[in-house]
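All values below were derived from every heavy atom in this structure, side-chain atoms included, with hydrogens, water molecules and symmetry-related copies excluded. The structure presented is a predicted model; accordingly, all values stated were derived computationally and were not measured. Numbered from 1 within each chain, the chains take letters A, B, ... in sequence-line order.
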2 protein chains.
Amino acid sequence: MEKQKVTIYDVAHQAQVSMATVSRVVNGNSNVKPLTRKKVLKVIKDLNYHPNAVARGLASKRTTTVGVITPNVADTYFSELALGIDDIAAMYKYNIILANSDDNSKKEIHVLNTLLTKQVDGIIFMGNEITDALRKKFREAKTPIVLAGSIDSKKTEPSVNIDYRQATKDEVSHLIERGNKHIAFVTGSLDQAINSKHRLLGYQDALKKYQLPYDPKLVFSTDRSYHSGYKLSQRLIKLNVSAAMVSNDELAAGVMNGLTDSGIRIPDQFEIATSDDTKLTKMTRPTMTSITQPLYDIGAVAMRLLTKIMNKDKITNQDVLLPYGLIKRNSTK
Amino acid sequence: MEKQKVTIYDVAHQAQVSMATVSRVVNGNSNVKPLTRKKVLKVIKDLNYHPNAVARGLASKRTTTVGVITPNVADTYFSELALGIDDIAAMYKYNIILANSDDNSKKEIHVLNTLLTKQVDGIIFMGNEITDALRKKFREAKTPIVLAGSIDSKKTEPSVNIDYRQATKDEVSHLIERGNKHIAFVTGSLDQAINSKHRLLGYQDALKKYQLPYDPKLVFSTDRSYHSGYKLSQRLIKLNVSAAMVSNDELAAGVMNGLTDSGIRIPDQFEIATSDDTKLTKMTRPTMTSITQPLYDIGAVAMRLLTKIMNKDKITNQDVLLPYGLIKRNSTK
DNA sequence: GTGAAAGCGCTAACAG
DNA sequence: CTGTTAGCGCTTTCAC
């Protein structure tokens with residue numbers, strides 16, 4: 001004989017109250033006489049009753065679940081963001097449906113659809129670019145959305161980021177001040193606004209500030225993987241450059257190791273600066289000079305912002321920019 | 001005027017069929033006349049109808065959602081497992097509710113409870129140890145569970161792993177054959193069966209095989225973080241050891257970098273072997289010799305196994321052991 | 001092949 | 001403070 005699931009009805013019956021009262025107790029509604037509450041609580045415990053979140057979701061139209069779209073769970077950058085998201089979500093009693101998009105816009109739309117189908121109360125989107133199709137979906141879905149560590153060039157959705165342009169400018173300036181005149185700029189796809197409209201401009205800003213010429217041949221666009229960086233290093237060697245500004249830590253590690261393995265001494269013969277300050281920057285040798293981003297905080301603040309929106313609180317600032325910094329490690333002189 | 005959500009009723013009405021028929025079409029039930037199907041499909045498209053997964057879950061008692069419990073999303077080992085889990089889940093149309101346990105047994109029970117509350121169809125558990133309280137919960141919940149890359153010392157639940165003991169033995173043997181007589185064994189908590197009942201025994205097996213004495217003073221137990229490894233390296237220096245077998249890649253990277261930063265030359269003066277073959281092993285300098293675990297596959301196979309159990313297919317093998325290997329990189333001679 | 005109708009387990013007015 | 005009563009949107013017998 002299979003043990004039946006115990007429902008709110010069973011509790012109500014056993015405690016000799018109505019379902020409504022049990023529901024009130026379970027949901028912490030204060031309109032219950034202490035004695036009644038106690039009685040119900042006892043029955044709940046005796047029967048080992050656990051409310052069914054699906055039924056609750058259907059009845060209340062709130063699932064206390066948020067969707068999180070990430071290009072890749074195993075990417076250090078995004079997984080450190082996820083840590084912050086998860087912590088705050090747990091704090092506010094939300095569960096997370098994690099959906100991988102593989103940084104593929106078709107899949108992004110697909111997973112967004114299935115998240116909506118699941119009636120998530122809100123969505124955190126991480127991704128390297130927001131296509132118009134996606135933005136349209138965002139608008140259609142009345143579901144609140146916040147972008148974490150991701151740029152929406154049209155600024156239609158709330159987001160949490162750092163000022164990538166300024167940070168890149170600062171870091172490249174640091175490289176220039178150290179005497180580098182020819183600095184490569186290595187980044188992910190330039191189809192992505194975060195790279196073309198922010199980082200690249202920051203790089204150009206720095207050059208301009210020091211009256212150095214901008215040479216498009218020194219700009220390299222590739223995917224954000226270690227392997228790509230490693231391969232790319234060989235092209236860098238052939239160029240007359242003494243430093244590189246890289247927009248992603250795994251990519252930077254690849255460039256640096258590729259160079260090192262080819263006998264180039266970092267930082268003496270070549271300097272490298274990177275952008276994310278993930279834990280990887282401390283694990284490589286030499287360690288990597290980097291822009292410091294509060295990754296955990298970006299995730300956490302994004303989630304916090306989302307809870308506010310879901311709660312219909314007034315939002316004062318849609319586009320949160322968190323402070324960043326620079327940390328000099330051993331990949332620069 | 002807020003646009004109303006379109007329901008199955010609207011579709012039925014517009015297509016002049018019953019809700020049952022719409023339901024059949026949506027669920028691919030073959031008992032529908034092709035013409036009717038076509039008509040319904042058209043209305044679905046016209047109305048832009050999306051079935052409500054919550055209502056469906058309540059009615060059908062299947063949510064097509066599985067819970068994934070991980071100690072830490074940002075840990076390289078677990079996030080590479082998660083990649084495999086996620087891919088296969090997507091393939092079988094399951095969504096994933098990701099729950100962080102922080103490797104804390106209290107939290108594990110808590111998140112397990114909330115996953116059950118959400119009526120997940122199954123659970124993938126990753127964790128470094130299964131407490132009795134947790135095992136009890138597993139049993140009580142009729143929900144299918146599979147362990148991925150995690151040991152249940154009592155073998156009550158299905159699991160996917162490699163043979164950690166044999167793999168460790170092989171790797172330590174490799175170290176011994178290279179002439180090391182005093183080899184440290186650095187691992188996570190020995191309260192965890194995977195370390196005490198598998199890896200440590202493998203280490204001892206290897207020593208025995210080569211008739212080397214076992215010295216408990218050479219066994220170090222700590223948490224699985226880079227930082228802990230880094231600190232630990234200072235204790236290693238004071239000992240008469242020439243090599244270390246480390247049970248986790250981040251930990252190993254910490255040990256190695258700590259040693260390197262103290263002027264010890266790897267592998268000439270000290271050899272290190274690690275256990276997980278995460279991408280980190282290729283990013284450190286020197287690269288790390290490692291047991292090779294098919295991390296992605298462990299996750300993928302675990303998820304596949306779970307789909308079978310959820311589907312009530314016959315399972316031939318509850319405890320899957322995937323093949324492992326050894327790869328020699330530059331942290332050993 | 002198709003429809004009618006009874007829930008799934010819970011919340012949310014509303015009434016008292 | 002508590003109970004009654006409709007649903008929430010869908011699946012699933014059971015008839016026809």
Side-chain angles (χ1 to χ4, degrees), chain A residues 2-41 43-44 47-65 93 114 116-121 142, chain B residues 2-41 43-44 47-65 93 114 116-121 142:
Chain A
E2 186 85 351
K3 194 172 62 182
Q4 271 308 125
K5 274 258 161 67
V6 7
T7 74
I8 197 171
Y9 174 82
D10 301 323
V11 176
H13 183 76
Q14 174 108 352
Q16 310 198 60
V17 297
S18 70
M19 287 160 59
T21 298
V22 178
S23 178
R24 288 191 187 97
V25 171
V26 169
N27 293 299
N29 186 315
S30 58
N31 283 8
V32 182
K33 207 199 305 180
L35 198 67
T36 316
R37 174 185 309 281
K38 202 176 152 202
K39 186 172 60 176
V40 171
L41 249 18
V43 175
I44 286 179
L47 263 40
N48 191 27
Y49 166 68
H50 290 281
N52 178 325
V54 174
R56 193 193 294 222
L58 183 59
S60 70
K61 307 191 162 306
R62 296 186 62 247
T63 55
T64 60
T65 302
K93 313 281 188 210
T114 84
L116 295 175
T117 277
K118 298 264 174 170
Q119 314 298 122
V120 294
D121 296 336
K142 297 298 186 190
Chain B
E2 187 84 352
K3 195 173 61 182
Q4 272 308 125
K5 274 257 161 69
V6 8
T7 73
I8 196 172
Y9 173 83
D10 302 322
V11 176
H13 183 76
Q14 173 108 354
Q16 309 197 62
V17 296
S18 69
M19 288 161 58
T21 299
V22 177
S23 178
R24 289 191 187 97
V25 171
V26 169
N27 293 298
N29 185 316
S30 58
N31 283 8
V32 182
K33 210 198 306 180
L35 198 68
T36 315
R37 174 185 310 281
K38 203 177 150 199
K39 184 172 62 178
V40 171
L41 250 16
V43 174
I44 286 179
L47 263 40
N48 192 25
Y49 166 68
H50 289 281
N52 178 324
V54 174
R56 194 193 292 223
L58 183 58
S60 70
K61 306 191 164 308
R62 295 187 62 247
T63 54
T64 60
T65 302
K93 313 282 188 207
T114 84
L116 294 175
T117 277
K118 297 262 175 173
Q119 314 299 123
V120 293
D121 296 336
K142 297 298 186 190

Worksheet item: Within this structure, what is the NZ-to-P distance between K39(A) and dC1(D), rounded to whole angstrom?
Response: 14 Å
Worksheet item: Under the 3.5 angstrom rule, does the side chain of S60(B) hit a backbone N or O of R56(B) as a donor-acceptor pair?
Response: yes
Discussion item. Reading DNA chain C from 5' onward, which residue's closest nucleotide shows up sooner: L58(B) or S18(B)?
Written reply: S18(B)
Worksheet item: Once you round it to whole Å, what is the distance between C1' of dG7(D) and CG of N52(B)?
Response: 14 Å
Discussion item. Donor-acceptor pair, distance only, cut-off 3.5 Å: does the side chain of N29(A) make one with the backbone of N31(A)?
Written reply: yes
Worksheet, complete the sentence: Atom OH of Y9(B) and atom P of dA5(C) are separated, to the nearest Å, by 13 Å
Item to complete: State the OG1-NZ distance between T114(A) and K93(B), to the nearest 0.5 angstrom.
Response: 10.0 Å
Worksheet item: Near H50(A) NE2, under 6.0 Å, is it more than 12 heavy atoms from other residues, nucleotides or ligands?
Response: yes
For nucleotides 11-14 of chain D, print each protein N/O atom paired with a nucleotide N/O atom at under 3.5 Å, atom names and distance only.
{"residue": "dT11(D)", "atom": "OP1", "partner": "N27(B)", "partner atom": "OD1", "Å": "3.4"}
{"residue": "dT11(D)", "atom": "OP1", "partner": "N27(B)", "partner atom": "ND2", "Å": "3.1"}
{"residue": "dT11(D)", "atom": "OP1", "partner": "R56(B)", "partner atom": "NE", "Å": "3.4"}
{"residue": "dT11(D)", "atom": "OP2", "partner": "S23(B)", "partner atom": "OG", "Å": "2.7"}

Worksheet item: With distance as the sole criterion, is a donor-acceptor pair present between the side chains of T64(B) and K118(A) under 3.5 Å?
Response: yes
Response to the item:
From CD of Q119(A) across to P of dG9(D) the rounded distance in Å is 9 Å
Worksheet item: With a non-hydrogen cut-off below 4.0 angstrom, is V54(A) in contact with a base, only sugar-phosphate, or nothing?
Response: nothing
Discussion item. I want to confirm an ordering. Mapping N31(B) and K61(B) to their closest nucleotides on DNA chain C, which one lands closer to the 5' end?
Written reply: N31(B)
Worksheet item: Taking only side-chain nitrogens and oxygens of T36(A), does any of them come within less than 4.0 Å of OP1 or OP2 of dC1(D)?
Response: no
Worksheet item: Where the side chain of K33(A) is defined as all heavy atoms beyond and including C-beta, which of dG3(D), dC1(D), dT2(C) is the nearest nucleotide?
Response: dC1(D)
Worksheet item: To the nearest angstrom, how far is K5(B) atom NZ from dC10(D) atom C1'?
Response: 15 Å
Discussion item. Looking at every non-hydrogen atom in both residues, tell me the closest pair between K5(A) and D10(A) and how far apart they are.
Written reply: O-OD2, 3.8 Å
